[in-house]
Amino acid sequence: MIPAVLPTYNRAPLAFERGEGSWLIDTEGGRYLDLTSGIAVNALGHAHPALVAALADQAGKLWHVSNLYRIPEQERLAEALVEKTFADTVFFTNSGTEAAELAIKMVRKYWADRGEPERVEIVAFEGAFHGRSTGAIAAAGGEKLTKGFGPLMPGFRHLPWGDHEALRAAVGPETAAILVEPIQGEGGIRPLPDACLKGLRALCDTNGALLVLDEVQCGMGRTGRLFAHEWSGIAPDVMMVAKGIGGGFPLGAVLATERAASGMTAGTHGSTYGGNPLGCAVGLKVMEIVSDPAFLDAVARKGGLLRQRLEGLVATHPEIFESVRGQGLMLGLKCRAAAADVVAAARAEALLTVPAADNVVRLLPPLTISESEIGEAVDRLDRAAARLAAPAP
Ligand SMILES: *Cc1c(COP(=O)(O)O)cnc(C)c1O
């Protein structure tokens with residue numbers, strides 16, 4: 001019999017009741033060190049007092065009004081994002097998927113308004129993940145996402161990751177946009193080298209195409225900069241944001257330059273909940289904390305520490321781990337053992353991690369994790385690896 005909850009997930013047999021900072025407490029009182037952060041969502045950990053206060057304060061005043069009216073919290077969050085990024089304008093969504101949908105619509109409208117409505121091809125990359133809507137699965141293109149859900153929305157071309165030759169052959173004056181994650185998340189923490197991101201920007205400039213970055217997972221301070229592309233010195237035309245931006249409240253956004261967004265006039269797009277006062281009040285507090293340069297420096301420093309400790313772990317357990325990759329507090333352990341077994345062994349040590357494609361275990365701790373918690377996490381991974389390496393009794 002089908003469960004009451006549609007069984008689209010393979011769930012671990014754990015249910016949590018409370019969270020405190022980097023820790024999750026299950027219904028039996030067990031304490032788990034959380035290196036998942038709800039998959040890069042709880043950027044400030046669980047039950048951060050400033051976020052709880054921002055939410056409670058707004059909850060007592062106003063939860064929802066229609067976007068038929070001005071929403072001051074939404075305007076303030078948009079202004080904060082515009083001030084700290086390349087963007088001139090922001091549209092708020094409830095998720096990364098909805099941000100992907102708008103980004104695609106924005107690209108199409110841009111070319112339609114320029115008298116080239118047939119210019120719809122968006123170049124994307126294998127291993128990408130942009131969400132689960134029909135548009136987002138077509139954009140990512142992978143068989144795991146798309147099988148059984150055809151016919152897929154046309155207009156996407158998928159290139160192998162890191163194939164410069166294929167890229168130069170594929171991008172031309174007919175290309176509408178290039179869509180890429182600066183660090184692939186679901187794809188297995190695969191960073192796009194800075195030189196490649198610069199190369200994509202140059203390719204877009206040469207051909208007039210728009211550069212659309214998906215920073216849903218790697219953005220909002222995760223890499224030690226507010227947005228991951230800042231490391232390369234380039235700026236996109238359009239950027240998708242979600243996950244960390246709400247610190248756990250469902251919130252997403254599309255950021256864009258005035259030029260890229262020029263077709264999105266009144267009546268062309270909308271959302272009932274997107275940019276509601278509750279979400280934006282929380283988002284504003286997240287933004288205030290995460291965009292502080294001292295906070296971002298601490299993320300970079302802690303990321304360096306975690307990485308260094310993980311390199312040591314790889315050296316100690318070469319039969320379990322192969323290498324470390326990623327940036328800041330978005331790190332991946334490429335495994336020799338099955339990544340799913342490593343995640344299960346870590347869970348047995350009360351440490352939560354996330355598997356990803358390419359046999360990688362993702363480590364996405366709250367950005368507020370302490371240095372001693374980082375040490376504790378690596379000790380637990382060490383015990384998990386020893387557990388896996390031990391001959392079966
Ligand atoms: C999670 C994710 C999405 C989809 O976000 P949802 O909020 O789950 O809709 C899109 N792109 C990337 C890179 C993601 O990691």
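Position 1 is the first residue of the sequence; numbering continues from there. In listed order, ligands and their atoms are each counted from 1.
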Chemist: Hey, would you say the Phe16 and Tyr32 ring centroids sit under 6.0 Å apart?
Modeler: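 Ring centres of Tyr32 and Phe16 closer than 6.0 Å.
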Chemist: Each residue besides Trp231 in its hydrophobic cluster should be listed here, by chain and number; the cluster joins Ile, Leu, Val, Met, Phe, Trp and Tyr at side-chain heavy-atom distances under 4.5 Å.
Modeler: none
Chemist: Could you tell me whether Phe125 and His158 have their ring centroids closer than 6.0 angstrom?
Modeler: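 No, the ring centres sit 6.0 Å or more apart.
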Chemist: What residues form a side chain to side chain contact (heavy atoms under 4.5 Å, CB included) with Ala54, not counting sequence neighbours?
Modeler: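 Lys285.
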Chemist: Would you give me the side-chain donor-acceptor pairs under 3.5 Å for residues 241-265, sequence neighbours excluded?
Modeler:
from   : atom 1 : to     : atom 2 : distance (Å)
Thr257 : OG1    : Ala260 : N      : 3.1
Arg259 : NH1    : Tyr110 : OH     : 2.4
Ser262 : OG     : Arg259 : O      : 2.8

Chemist: Can a salt bridge be assigned to the pair Arg190 and Glu181 using a cut-off of 4.0 Å between side-chain N and carboxylate O?
Modeler: no
Chemist: Write out each pair where an N or O from ligand 1 and one from the protein are under 3.5 Å apart, with the distance.
Modeler:
from     : atom 1 : to     : atom 2 : distance (Å)
ligand 1 : 5 (O)  : Gly96  : N      : 3.4
ligand 1 : 7 (O)  : Gly96  : N      : 2.8
ligand 1 : 9 (O)  : Gly96  : N      : 3.4
ligand 1 : 9 (O)  : Thr97  : N      : 2.8
ligand 1 : 9 (O)  : Thr97  : OG1    : 2.5
ligand 1 : 11 (N) : Phe129 : O      : 3.2
ligand 1 : 11 (N) : Asp214 : OD1    : 3.4
ligand 1 : 11 (N) : Asp214 : OD2    : 2.7
ligand 1 : 15 (O) : Gln217 : NE2    : 2.8
ligand 1 : 15 (O) : Lys243 : NZ     : 2.6

